[in-house]
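A quick write-up on the structure given underneath.
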Amino acid sequence: VVIDTAKKQKDVMFMFAPIFGEKFKNGTYKFKSLSTAATFFNYTFSAHDSLEDCKATLFCYTKIVSDKNLKKIAEASDRKFSKRIKEASK
């Protein structure tokens, strides 16, 4: 898989981690499952069905970017994610 780092990448799991707020002892945020994110946003779906997973991901992403406070939290983590993607693709 080749990641085009010229295009902005989004990872809902990475965006959601600081919103959920659970951290490891070293201070980094723990990634949470799509099911956890969906439950957080009161969305019910059949996990591990590809179309259902896509719908749930889109729902969670939309919830994050449509809420001013959540978007601010997610954008801070998104900058870190973009940096990690660029470093990994070198």
- Task: Report the C-alpha distance between F45 and L34 in whole Å, list the side-chain angles of each, state the deciding distance to 0.1 Å, and finish with yes or no for side-chain contact (heavy atoms from CB on, under 4.5 Å).
- Result: CA-CA 10 Å; F45 74 110; L34 179 57; 3.8 Å; yes
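Note that OG1 of T28 and CG of N26 are 3.5 Å apart. Values are rounded to the nearest 0.5 Å. To the nearest 0.5 Å, the span separating CD1 on I64 from CG on L70 amounts to 7.0 Å.
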Which pairs of donor and acceptor atoms, one on a side chain in residues 36-43, lie under 3.5 Å apart (sequence neighbours left out)?
from: T36; atom 1: OG1; to: S33; atom 2: OG; distance (Å): 3.0
from: T39; atom 1: OG1; to: S35; atom 2: O; distance (Å): 2.9

Just list the side-chain donor-acceptor pairs under 3.5 Å for residues 49-62, sequence neighbours left out, or say none.
from: D49; atom 1: OD1; to: L51; atom 2: N; distance (Å): 3.2
from: D49; atom 1: OD1; to: E52; atom 2: N; distance (Å): 3.0
from: D53; atom 1: OD1; to: H48; atom 2: N; distance (Å): 3.0
from: D53; atom 1: OD2; to: H48; atom 2: N; distance (Å): 3.4
from: T57; atom 1: OG1; to: D53; atom 2: O; distance (Å): 2.8
from: T62; atom 1: OG1; to: L58; atom 2: O; distance (Å): 2.8

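The side-chain heavy atoms of K32 and M13, taken from C-beta on, include no pair separated by under 4.5 Å. In this structure, V65 and K10 have side chains that are not in contact, with every pair of non-hydrogen atoms separated by 4.5 Å or more. K30 is listed as a side-chain neighbour of F24, based on a closest heavy-atom distance under 4.5 Å.
Considering all non-hydrogen atoms of both residues, P18 and M15 come closest at CD-O, 3.4 Å.
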